[in-house]
Amino acid sequence: MSDQSDLSHLIPRTSAQEGPRPATGTVPRPAAPTDRRAFLKYTGALGAAAAVTTTLSACSAGPESTNETGGGGQGGDSTLTAVIGYGNDGSWDPTQTASAFAMAGNEHIYEGLLGTDPISREPYAALATEIPDDLKATTWKFSLRPGAKWHDGKPVTADDVVFVFDRILDPKTQTLAKGFFASWLKEVRKVDALSVELILKFPFPDGAARLSLAKIMPKHVFSRPGAWEDATKGKAIGSGPYRQTAHHPKSNTTFEAFEDYNGPRKAAFKKMNWLTIVDAAPRVAKISGSGADAEIADNIPYANIGQLKKSGMTVEGGAGMNNLFLLFNTAHKPFDDVRVRQALHYAIDRDKMIEAALKGHGKASTSFLNEANPSYRPAKTVYAHDLAKARKLLGEAGVGKLTVNLMAVNVSWIVDCLPTIQDGWEKLGVEVTLDPQETTAVFTKLDQKKDFQVVAAASNPNQFGLDADLIMHYNYGPENLWMGYARWAQNPTAKKLFKDMAQATREPEAGRKRAMIQDYIDVVAEQAVLYPVVHNELMTAWDPKKISGVQAQPYPGINLLQAKWA
């Protein structure tokens with residue numbers, strides 16, 4: 001069975017680590033296009049991430065001409081081969097995609113005005129020459145790096161920057177990126193050929209890190225008719241350290257060092273070949289044993305960690321927001337009663353789940369945010385295993401016999417966790433039917449507004465950053481897709497929550513803003529409409545005898561901008 005990939009947002013079938021994310025509720029105010037299926041297509045959710053459950057053959061290799069492997073640690077003209085556990089047939093349009101493969105690839109091809117470190121997510125000057133001195137100002141001026149060129153040899157100019165931000169902020173154009181910027185960024189103006197000004201609606205220092213999500217693209221290429229569709233299909237021309245040399249959806253994508261790159265993170269590998277292998281067994285086989293012909297792979301199943309370490313591989317995990325969550329249909333009684341939702345959470349033995357299903361690579365959620373998030377603190381409501389409390393809550397809600405159909409995505413690690421949920425609920429006296437399905441089937445039912453009771457799925461907004469404001473809006477908001485699924489947006493508590501969230505976004509003082517976010521996370525925890533059960537680790541494996549400088553990410557994909565031959 002293939003473990004799928006992509007994180008567009010709808011979840012695909014993933015392997016032991018990928019999480020689903022519905023393709024639009026992405027951030028502050030996710031786009032709400034009239035045809036969600038079309039939107040998923042553009043975000044990559046329909047293509048690789050969610051909708052298309054790609055089943056690759058055991059070899060999953062690309063065309064022979066692009067299938068060179070094995071640098072052997074020799075450097076020079078050797079090709080670095082990477083194995084990505086997610087599909088590469090999602091959208092590659094940086095303004096639209098949430099595809100794990102494409103987003104990782106775009107980090108090497110494109111630049112934002114600012115970039116962010118893949119682990120700390122601290123901003124650094126990328127296409128711009130420096131970070132603005134005063135991030136609390138409402139005007140940020142950026143000078144572009146002199147001599148920066150596109151991969152086709154033409155110079156990068158301010159017109160390219162304005163072109164991209166105009167697309168993102170255009171009210172008539174629904175892009176995934178709009179949700180990251182429209183709430184706080186008013187416009188971007190050209191100052192001269194190599195400088196621009198960003199005009200903010202209010203002071204928003206957190207916006208600096210978000211600029212990494214606005215990849216600057218050449219206007220002379222992507223303003224042409226049909227060019228955005230080409231970008232969706234995989235066309236990528238940037239100013240970054242690597243240029244794309246070939247793209248074979250469902251197979252592989254190749255890269256080559258861009259000789260004219262003059263930025264801060266130069267290419268260390270002459271060539272790279274990224275294979276997409278969503279099935280766990282052949283993915284692990286590519287980096288295992290004497291016949292290994294790849295240097296690095298992400299999305300490593302927990303069951304294979306010991307085997308790979310024994311063979312001399314380094315295997316490390318990144319703990320972040322990747323989580324199993326429960327989504328309740330509040331229009332279906334008795335799940336409109338917060339006490340019922342809470343009771344079902346209290347009945348789950350998270351420690352047992354972590355031991356049995358996650359092999360110790362997880363933590364019980366004590367907040368919507370994971371513990372490593374800079375804004376984390378335990379929520380006022382923490383769902384420790386407590387059957388007595390769960391029974392009391394059901395009694396207070398007047399619920400006697402309760403039958404629950406738990407619809408779930410068939411992501412492998414989610415399926416592994418379901419028996420623990422079932423066991424806890426049955427001990428509570430609840431009759432449970434487990435109903436795992438293809439991710440596409442689950443979200444098609446949700447999109448069609450079909451009735452359901454509870455859904456178990458996975459999510460990981462760390463792909464977009466550590467910004468708590470961004471993460472919370474990813475799942476909660478008046479126009480958020482998830483809230484539409486939950487039928488909760490019109491609830492009075494929800495309306496008050498959304499107002500509090502909007503006020504926190506605009507709060508200029510960092511300490512006060514953090515406190516406001518923590519306060520409304522307490523409400524999210526108490527209401528448990530959509531709430532994480534456990535957070536788990538994403539595992540990456542690489543050969544330390546061949547490459548160095550690798551860091552395991554807490555979100556899907558790899559970043560090799562600081563890696564090199566050993």
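Since the structure is predicted, the reported quantities are computational estimates derived from the model, not experimental observations.
Side chains of V550 and E316 form no contact here, defined as non-hydrogen atoms less than 4.5 Å apart. Using a 4.5 Å heavy-atom cutoff, the side chains of H332 and V454 are not in contact. Looking at heavy atoms from C-beta onward, L497 lies out of side-chain contact with N491 at the 4.5 angstrom threshold. The closest side-chain heavy-atom distance from V529 to W482 is not below 4.5 Å. A 4.5 Å side-chain heavy-atom check between L327 and F452 finds at least one atom pair inside the cut-off. Between Y555 and M321, every side-chain heavy-atom pair lies at or beyond the 4.5 Å cut-off. Contact of the M407 side chain with the Q437 side chain is registered, since non-hydrogen atoms from C-beta on lie closer than 4.5 Å. Looking at heavy atoms from C-beta onward, E107 lies in side-chain contact with K215 at the 4.5 angstrom threshold.
Atoms CG and CG, on L481 and D447 in that order, are 6.5 Å from each other to the nearest 0.5 Å. Taken to the nearest 0.5 Å, the OH atom of Y346 stands 13.5 Å off from the CZ atom of R339. Note that NE2 of H345 is 6.5 Å distant from CZ of R350, once rounded to the nearest 0.5 Å. Atom CD of Q448 sits about 4.5 Å away from atom NZ of K450, to the nearest 0.5 Å. Distance CD1/I354 to SG/C417: 9.0 Å, rounded to 0.5 Å.
Around atom CD of E355, no more than 12 heavy atoms belonging to other residues, nucleotides or ligands sit under 6.0 Å away. Within 6.0 Å of the CD atom in E431, the count of heavy atoms belonging to other residues, nucleotides or ligands does not exceed 12. Crowding of K392 atom NZ: a count of heavy atoms from other residues, nucleotides or ligands under 6.0 Å not exceeding 12. Crowding of K445 atom NZ: a count of heavy atoms from other residues, nucleotides or ligands under 6.0 Å exceeding 12.
Partner of D469 under the side chain to side chain donor-acceptor pair (under 3.5 Å) criterion, out of K513, R210, R514, R506: R210 alone.
Ring geometry, F204 versus F202: the interplanar angle exceeds 60°, so the pair is classed perpendicular (tilted spans 30 to 60°). Aromatic ring orientation, W488 versus F498: perpendicular (interplanar angle above 60°, classes split at 30° and 60°). The aromatic rings of F335 and F328 sit tilted relative to each other, their planes meeting at an angle between 30° and 60°. In this pair, Y485 and F443 present their aromatic rings tilted. The plane angle is within the 30 to 60° band.
For the pair R487 (side chain) and N329 (backbone), a donor-acceptor distance under 3.5 Å is absent. A donor-acceptor distance shorter than 3.5 angstrom exists from the side chain of Q453 to the backbone of T403, with no hydrogens or angles considered. Between the side chain of E122 and the main chain of D117, no donor-acceptor pair closer than 3.5 Å is present. Side-chain atoms of R341 do not come within 3.5 Å of backbone N or O of T330 as any donor-acceptor pair. Side-chain atoms of W425 come within 3.5 Å of backbone N or O of L344 as a donor-acceptor pair. One N or O on the side chain of K201 and one on the backbone of A182 form a donor-acceptor pair closer than 3.5 Å.
Shown here for A525 and T381, the closest heavy-atom pair between the two residues is CB-O, 3.8 Å. What you find for D349 and T420 is that their closest heavy atoms are O-CG2, 3.4 Å. The nearest pair of heavy atoms linking N299 to G85 is ND2-O, 3.2 Å. Shown here for Y520 and M472, the closest heavy-atom pair between the two residues is OH-CB, 3.5 Å. Smallest separation of non-hydrogen atoms from M539 and V315: CE-CG1, 4.1 Å. Heavy atoms only, all atoms of each residue included: V534 and W413 are closest at CG2-CZ3, 4.4 Å.
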Under the salt bridge (Lys or Arg N to Asp or Glu O under 4.0 Å) rule, what do K496 and D500 come out as? Steps first, then yes or no, please. CA-CA 6 Å; K496 171 69 163 56; D500 291 344; 2.8 Å; yes
Test log, rule salt bridge (Lys or Arg N to Asp or Glu O under 4.0 Å), inputs D519 and R377: CA-CA 10 Å; D519 286 346; R377 72 154 165 74; 3.7 Å; yes
Go through R167 and D170 one step at a time and tell me if the salt bridge (Lys or Arg N to Asp or Glu O under 4.0 Å) criterion holds. CA-CA 5 Å; R167 172 175 168 79; D170 182 1; over 6 Å; no
Derivation of the salt bridge (Lys or Arg N to Asp or Glu O under 4.0 Å) call for K363 and E537: CA-CA 9 Å; K363 287 190 175 183; E537 285 185 283; over 6 Å; no
Y531 and F325: CA distance, side-chain angles, deciding distance, ring pair (Phe, Tyr, Trp, His ring centres under 6.0 Å) verdict: CA-CA 5 Å; Y531 202 70; F325 64 83; over 10 Å; no
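If you check the side chains of H385 and D351, you find no donor sitting under 3.5 Å from an acceptor. No side-chain donor-acceptor contact under 3.5 Å links N370 and N323.
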